[in-house]
Protein chains: 2
Amino acid sequence: MARATAAEATTTSSERILAAATSAFAELGFRGTTTRDIAARAGMSPTAMYVHHRSKEELLYAISLVGHQRLLAAIQEASAQGVTPTQRLGSVALTFGAWHAERNVQARVVNYELLALTPEHYGEVAQLRHGIDTVFRSIVAAGVATGEFDVDDVSMACVSLASLGVDISRWFRSDGEWSTEQVAAHYRDNALRIVGARGQAGSAARE
Amino acid sequence: MARATAAEATTTSSERILAAATSAFAELGFRGTTTRDIAARAGMSPTAMYVHHRSKEELLYAISLVGHQRLLAAIQEASAQGVTPTQRLGSVALTFGAWHAERNVQARVVNYELLALTPEHYGEVAQLRHGIDTVFRSIVAAGVATGEFDVDDVSMACVSLASLGVDISRWFRSDGEWSTEQVAAHYRDNALRIVGARGQAGSAARE
DNA sequence: GTCTATAGTGGGATAGAC
DNA sequence: GTCTATCCCACTATAGAC
């Protein structure tokens, strides 16, 4: 309590373990990562993590849960920052794309290690993923209703939007050719093109 | 020799092992799959695979190499079946999308287990992946040159095209809501929209 | 070319001192 | 809350019979 000042910059052991596990899971996969790998990256003994997490799977669950919660909150907020469906999709896409680029290490764990979760934990995470889909779906449906978007199948369009964003975390590297901002902006432009947005579709309008 | 008739339908042990390993790697990941898993799925003893493959990694390499070679050959052929860049991209996208949907189990291994290969084997596979990128790149560049396509950055557009196709193998399931044909056709439409193709852009032209 | 038996290694998790 | 020591199990790959 006395130590929980706002200026506290020191990382706790628990935070170091979470960070170490995230980077290890992203690099080696959940099954390819040993508890010894995690401990080494956190600078601790091989068994120190058991004080903070019941098992290796609980550690993955903690990472996965927090990752999904924060992503969902971020795109819900982004969705509220626009008025028209075009504005809202642009805002959500920019946030979704930036999240997958900027936090690509965390995103790889969140998106590709899901199947290592227990059925119960997977179920909880699946609900959050459903919430993410709902954000896209409500915007695309609204855009179709107003005639701003030209989409045959709303479900399939939403799969494509999620898909293109998720895959950024597979290929993006922060030391690569493009900045997170460039990738996010390009993803937004693609998203608007995919739904056939008329008018101010970012660089898609450039002629 | 005498048994190698054209009508030979019986699968060889080697083929059964490859098929068993593919399904196991797709489901459990390379590191999550044990040689016992593979043997059980192939209906053989735990050590039978060592007669046909030097190690578990060699088995992954064989799957990965053949998978990439066939995909590259398929899209090269598809590319030759059109004249204009729009036709060629439509044809390639249909083939690329269908491959990732139809062969989603094989495609998951091919796309997501690359890092389990030895550096040498990874290098060989990376060359094939570069060849796949080249097919997309030459078409998109040609479309920009003729003015059929409206693209800011050819490289980034090609990443998006590959990305959207690869991710199909992550989410597609053959017992799901959509057929492989529907998914492939939708991917083609999205591809043409992403490059800003004018004119006959499949359902994108529907008004 | 397939089997059984097994060598040799390494990982997840616990016990108990400090 | 962190350590060292360790249990027990599982895995890859080899040996050698048939």
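Reminder, nothing fancy here: chain letters follow the sequence lines and each chain counts from 1. Atoms considered below: every heavy atom in the structure, side chains included; atoms not considered: hydrogens, waters and symmetry mates. All values derive from a computational prediction rather than experimental measurement.
- Residue A/Lys56 contributes atom NZ, which lies 13 Å from atom C1' of D/dA10 at whole-angstrom precision.
- A donor-acceptor contact shorter than 3.5 Å is absent between the side chain of B/His130 and the backbone of B/Ala126.
- Among the atoms of the strands shown, base atoms are found under 4.0 Å from some heavy atom of A/Ser45.
- When the P atom of C/dA13 is taken as reference, atom CE of A/Met44 falls 17 Å away, rounded to whole Å.
- For the 3.5 Å distance criterion, the side chains of A/Arg137 and A/Ser155 qualify, holding a donor opposite an acceptor.
- Contact annotation for A/Ser14: no contact, since no heavy-atom pair falls under 4.0 Å across all strands.
- Nucleic acid contact class of A/Thr12 (heavy atoms, under 4.0 Å, all strands): none.
- Considering only the side chain of B/Thr47, D/dA13 comes nearest among C/dG1, C/dA13, D/dA13.
- Within the nucleic acid shown, A/Ser13 comes within 4.0 Å of sugar-phosphate atoms alone, with no base atom in reach, counting heavy atoms only.
- Tested against A/Phe25, the residues A/Tyr61, A/Phe30, A/Tyr112 include a single ring pair (Phe, Tyr, Trp, His ring centres under 6.0 Å) partner, A/Phe30.
- Between A/Met49 atom CE and C/dA13 atom P there is a gap of 6 Å when expressed in whole angstrom units.
- For CZ of A/Arg173, the number of neighbouring non-hydrogen atoms (other residues, nucleotides, ligands) closer than 6.0 Å is greater than 12.
- Counted within 6.0 Å of CD on B/Gln69, heavy atoms from surrounding residues, nucleotides or ligands total more than 12; the atom is thus considered enclosed.
- At the heavy-atom level, A/Ser55 lies under 4.0 Å from the strands shown only through sugar-phosphate atoms.
- The base of C/dG12 sits within donor-acceptor range of the side chain of A/Arg36, with an N or O pair under 3.5 Å.
- Note on A/Thr35: a side-chain N or O is less than 4.0 Å away from OP1 or OP2 of C/dG12.
- Distance NE2 (B/His53) to C1' (D/dT14): 18 Å, rounded to an integer number of Å.
- In this structure, the CD atom of A/Glu58 is 15 Å from the P atom of C/dG12, given to the nearest Å.
- For the pair B/Ala48 and A/Phe30, nearest-nucleotide mapping onto DNA chain C gives the more 5' position to B/Ala48.
- Taking atom CZ of residue A/Arg31 and atom P of nucleotide D/dT12, one finds them 12 Å apart after rounding to whole Å.
- Separating the CD1 atom of A/Ile17 from the C1' atom of C/dA13 is a distance of 15 Å, rounded to the nearest angstrom.
- Counting to the nearest Å, the P atom of D/dT4 and the OH atom of A/Tyr50 are 16 Å from each other.
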